[in-house]
Amino acid sequence: MDFGLSEDQVLLRQTIRRFLDEQCPTSRVRAIMESDSGHDTTLWQGLVDLGVTGLIVPAAYGGSGLELLDLVLAAEELGYAATPGPFLGSSMATVALMEGGDAAQRQRWLPQIASGKALLTIAFGEADSQWDPRAFTTKASGGKLNGEKPFVPYAAIADALIVAAADDDGPGLWLVERGAAGIETTSLTLVDMTRRVDGVRFKDTPATKLGGDRAALQRTIDAGCILIAADAYGGSRRCLEMAVDYAKTREQFGQIIGAFQGVKHQIASLACEIEPSLALYWYAAHAFDRIRDQSPRHAALVKAHMSDLYDRATRDSTELHGGIGFTWEFDLHLWFRRAVFDRSFLGEAAVHRARAADLAGW
Amino acid sequence: MDLSYSAEYEAFRKEVQTFVQENWTDEDRNSAPPPDPRSITFGTLIRTDERATKFRIKAAERGYLYRHVPKRYGGGEQPFDPLKSTIISEELRRSQAPGELMGQGASMLVPTLVEHGTEEQKEKFVRDTLLGKIRWCQGYSEPGSGSDLASLRTRGVLDGDFWVINGQKIWTSNADTSEWMFCLVRTEPEAPKHEGISYLLIDMQTPGLTVRPLRQMTGEADFNEVFFDNVRVPAKNIVGKRGQGWVVSRSTLKHERALIGNSLLSRRTLDGVIMLAQALNLRGQPAIKDPAIRNKIVELETKVLANEYHANRLLTMQARGEEAGIAGLVAKLYGTMLGYDVAKLAMDMLGDRGMLAPGEPSAPAMGMFLTAYMWSLGVLIAGGTANIQRNVIAERGLGLPRDQAASRK
Ligand SMILES: Cc1cc2nc3c(=O)[nH]c(=O)nc-3n(C[C@H](O)[C@H](O)[C@H](O)COP(=O)(O)OP(=O)(O)OC[C@H]3O[C@@H](n4cnc5c(N)ncnc54)[C@H](O)[C@@H]3O)c2cc1C
């Protein structure tokens, strides 16, 4: 029994942390944020070179053959650094292909994902569907898709989209390549400028059905929930650290504000909530990898829990910084914005709690 | 991350199971004497009858109980191995067999004596304490000294071979049912406050010592006032040296083992809440179908799970010899706040019936939820209040400055 990370996992996390410390200071985050595409190919290639896009890709397809528990460590660090880019959509598309693709589809795409040659994303959620695949209305028939996906991460720059749609057999996954006929993409302005989302409309768009396991759609959403939870944990930890650092330097009434007990207790209460969540999100990732029957429920639980907590961490930290915390110049709002994304995308807390209650059979 | 046990540990589990089967029969299990109110700690019943004692002796001889205590004092004397300890307590719980006693004596006094006691003290007290034959109370808090414990004023003056004690303790749990007290007393009034305290063992039957029960908000009287009027305590009953009492009393902190137990407690209340929500009818359907209640249960269940996984993470850190740091410091606050939230949810669901007192025959679950609700306040205060926990997290965990007043000597 060992409830902790392996040496390799600790090393992996350190490596990514060090890379982001050097390559992704908030000045670069802001530059990417203000660029047109919201995507910095050099930074992304750096992550590819570290093996991030290939972490969970099997060795036979040019990846490292690791598991979600490894990938979430990358997600945590990206969240900690507020790194902009297509990591989430790309990771979910990778899971979708691994679990839902047939041999030929995996052979075609996975090596390109691992090597960074191709960038894929997912087009699942629909307006008012609450991320329940049974409520998706996009239709597939005769190899063509029709429907609308209002929130697709980095659709504008993706080489292919994995689309959730229903045919006569019910909900499943289809792959649409860049430049296919009948795709209309509209870029949206998000609160979180470190992650881009586009609206996509399909009109008789040619698509190939993923030939593997049908459960892949829900599995991919579950993986996404856990990746978001890890991102939120990393972000919460960063907000806490910023509050602690500020409390040790800012002076008022002739002393550092961290000497005021009101400040200390606000910070301690936040730390007390954040600390035990680490084991929770590790467990959710581990369940995804190894304890499959517990996985959907834990994915739902941890998504709801961490999005509440991230919201609190960003708010507390901002409040503890006073006026400077409320400015554009100061970096805290980068995490505040990411917390809004993490809360909304893939379904908000109440949606996942209702799902967890259903899954318990209550 | 590997939640399975290796072959070595699985073999160990089998060994424990066999031992329990052979030594704790159905007859043993079913012959519990009527509950003795004196053996209830924080609402859980612990057997200390003949059969239970016989089992504990055998289990300790096999190395299954009290593993940190040498064999010659009745312990199991085994190398530190939190995984084996976990397996043992899982197996004992599964068979409802007697485990380690958890009271002040076994979990606080014994580790202290093993580390700091004289040979004579260990011989005299450890074995009987581990079997529940000697019960102990903790005489730390005083009317003027709670959170600021080191300011305590109960005086001890050496007179020949005796310490003469004058003063008062308060909130002393089980003082009325204990044979002995371990007590902090000021013996060096000239020294700085942390360096003037000694750790004494006091026979509760000594003349001049009076115990007066205090009724709690729950209605019961588990804690007491204790008055010392020229109480004469043999000089050899000091643990450690004169003026070292503070350091001696802190040594038990190293033996914090309550973490797992702590997460079990909120799990048990939560399971009760879920059963209640399934059984209770609200406007024609089970309460658990109510969206607001479902949402709240899931929210709290998530925290109960986080608490459990966190305890496992701490256990792993211990097993690997890693420093727990802030991860260890948040456990008490997280667990006690959660205990309150879970109990409150039950109270909210009960509606009007939440008013019924424990003991009222029509009270749901024999008033268990109300008891948990009230005790969630007691545990928030006992053993260091929530505010004190926040100080500790901020100061020791995050490196924020120490309280001016608290760091003044
Ligand atoms: C059920 C129960 C069982 C107990 N059993 C025992 C026992 O067996 N033996 C024993 O010795 N004691 C026992 N106690 C006593 C317990 O340890 C004390 O009550 C506790 O340490 C608080 O001390 P106090 O009651 O004097 O409160 P105070 O220390 O006066 O605290 C009052 C309030 O002030 C706050 N406060 C105090 N100092 C600070 C600070 N520096 N920063 C911020 N806030 C502060 C506290 O958090 C609290 O909210 C028990 C208490 C309870 C409730």
Side-chain angles (χ1 to χ4, degrees), chain A residues 1-6 9 67 69 240-241 243-244 247-248 255-261 263-287 289-291 297-298 300-302 304-306 308 349-350 352-358 360 362, chain B residues 1-6 9 82-83 86-87 274 277-278 286 288-289 291 293-299 301-303 305-317 319-320 322 326-327 329-331 333-335 337 386-387 389-395 397-404:
Chain A
M1 218 283 302
D2 185 71
F3 199 109
L5 301 180
S6 68
Q9 285 167 330
E67 296 178 301
L69 183 57
L240 173 68
E241 275 179 31
V244 171
K248 286 177 181 170
Q255 63 177 33
I256 57 168
I257 57 168
F260 292 110
Q261 204 178 47
V263 170
K264 277 161 70 174
H265 282 195
Q266 196 173 359
I267 293 177
S269 300
L270 179 61
C272 179
E273 291 296 320
I274 293 177
E275 195 58 33
S277 316
L278 177 62
L280 181 71
Y281 104 66
W282 282 354
Y283 188 91
H286 178 72
D289 296 329
R290 305 287 179 97
I291 319 172
R297 213 163 169 261
H298 272 79
L301 295 177
V302 76
H305 180 79
M306 280 314 306
D308 273 354
H352 286 286
R353 295 205 172 108
R355 181 158 82 99
D358 292 345
W362 293 339
Chain B
M1 190 101 132
D2 179 1
L3 303 184
S4 61
Y5 287 92
S6 66
Y9 285 101
L83 300 186
T86 305
I87 289 175
I274 293 169
Q278 284 166 330
I288 203 155
K289 297 287 179 198
I293 289 178
R294 283 163 93 75
N295 189 297
K296 194 72 195 171
I297 292 179
V298 172
E299 183 187 334
E301 182 199 2
T302 310
K303 297 187 78 174
L305 287 170
N307 201 28
E308 286 171 4
Y309 300 148
H310 183 65
N312 281 324
R313 180 180 151 220
L314 288 174
L315 200 69
T316 296
M317 289 169 114
R320 292 177 177 185
E322 295 169 1
I326 190 169
L329 302 176
V330 300
L333 186 60
Y334 196 78
M337 306 281 270
N387 271 355
Q389 302 302 320
R390 291 187 191 100
N391 283 353
V392 169
I393 294 167
E395 294 168 9
L398 299 169
L400 289 166
R402 293 210 49 179
D403 247 19
Q404 287 296 316

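Computed from a predicted structure; not experimentally measured. Reminder, nothing fancy here: chain letters follow the sequence lines and each chain counts from 1.
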Quiz item: Which heavy atom in A:G4 sits nearest to a heavy atom in B:T316, and how many Å separate them?
Solution: N-CG2, 4.3 Å
Exercise. Could you look at B:Q389 and say if it's the side chain, the backbone, both or neither that has a heavy atom under 4.5 Å from chain A?
Key: neither
Quiz item: Side chain, backbone, both or neither: which part of A:E275 has an atom under 4.5 Å from a heavy atom of chain B?
Solution: both
Self-check item: Engaged part of B:Q278 at the chain A interface, taking heavy atoms whose separation is under 4.5 Å
Solution: side chain
Quiz item: With respect to chain A, which residue among B:T302, B:L305, B:I274 yields the maximal number of heavy-atom pairs within a distance under 4.5 Å?
Solution: B:T302
Quiz item: Taking all atoms of both residues into account, what is the closest heavy-atom pair of B:I393 and A:C272, and its distance?
Solution: CD1-CB, 4.2 Å
Self-check item: Separation between CG of A:L278 and NE2 of B:H310, rounded to the nearest 0.5 Å
Solution: 9.0 Å
Quiz prompt | Spacing of CZ belonging to B:R390 relative to CG belonging to A:L270, to within rounding of 0.5 Å | solution = 12.5 Å
Quiz item: Can you check side-chain contact (heavy atoms from CB on, under 4.5 Å) on B:K303 and A:H305, steps first, answer last?
Solution: CA-CA 8 Å; B:K303 297 187 78 174; A:H305 180 79; 3.9 Å; yes
Quiz item: Where is the tightest heavy-atom contact between B:P401 and A:G258, given as atom of each residue plus distance?
Solution: CD-O, 3.5 Å
Quiz item: Closest heavy-atom contact between A:A271 and B:V330?
Solution: O-CG1, 4.3 Å
Quiz item: Tell me, side chain or backbone of B:A319 under 4.5 Å from chain A's heavy atoms, or both, or neither?
Solution: neither
Practice problem: Working to the nearest 0.5 Å, report the span between CG of A:L5 and CE of B:M1. | Solution: 8.0 Å
Exercise. Answer with side chain, backbone, both or neither: which region of A:D358 has an atom nearer than 4.5 Å to a non-hydrogen atom of chain B?
Key: both
Quiz item: Given the options A:A279, A:A357, A:A268, A:P276, which has more heavy-atom pairs under 4.5 Å with chain B than any of the others?
Solution: A:P276
Quiz prompt | chain B contact via A:A304 - side chain, backbone, both or neither, heavy atoms under 4.5 Å | solution = neither
Practice problem: Just do the side-chain contact (heavy atoms from CB on, under 4.5 Å) check on A:H265 and B:N391 with the steps written out, would you? | Solution: CA-CA 7 Å; A:H265 282 195; B:N391 283 353; 2.6 Å; yes
Practice problem: Measure distances from B:K296 to the heavy atoms of chain A and classify the residue's part below 4.5 Å as side chain, backbone, both or neither. | Solution: neither
Quiz item: chain B: which of A:L240, A:I267, A:L301 shares the most heavy-atom pairs with it under 4.5 Å?
Solution: A:L301
Exercise. Kindly say whether B:L3 contributes a backbone atom to a donor-acceptor pair with the side chain of A:R290 at under 3.5 angstrom?
Key: no
Quiz prompt | Residues in side-chain hydrogen bond (donor to acceptor under 3.5 Å, both in side chains) contact with B:N295, at least two apart in sequence or another chain | solution = none
Quiz item: Can you name the ring pair (Phe, Tyr, Trp, His ring centres under 6.0 Å) partners of A:H298, sequence neighbours left out?
Solution: A:Y283, B:Y309
Exercise. Please look at B:R320 and chain A and tell me whether the side chain, the backbone, both or neither of the residue comes under 4.5 angstrom of a heavy atom of that chain.
Key: side chain
Quiz item: With A:M1, which of B:D2, B:L83, B:I87 fulfils side chain to side chain contact (heavy atoms under 4.5 Å, CB included)?
Solution: B:L83
Self-check item: Shortest non-hydrogen contact from B:G399 toward A:K248
Solution: O-CE, 3.2 Å
Exercise. List the steps, then state whether side-chain contact (heavy atoms from CB on, under 4.5 Å) holds for A:K264 with B:E395.
Key: CA-CA 8 Å; A:K264 277 161 70 174; B:E395 294 168 9; 2.6 Å; yes
Quiz prompt | 4.5 Å side-chain heavy-atom contact, A:E273 and B:Y334 | solution = yes
Quiz prompt | Over-ring placement of B:R313 relative to A:W282, 6.0 Å and 45° cut-offs | solution = yes
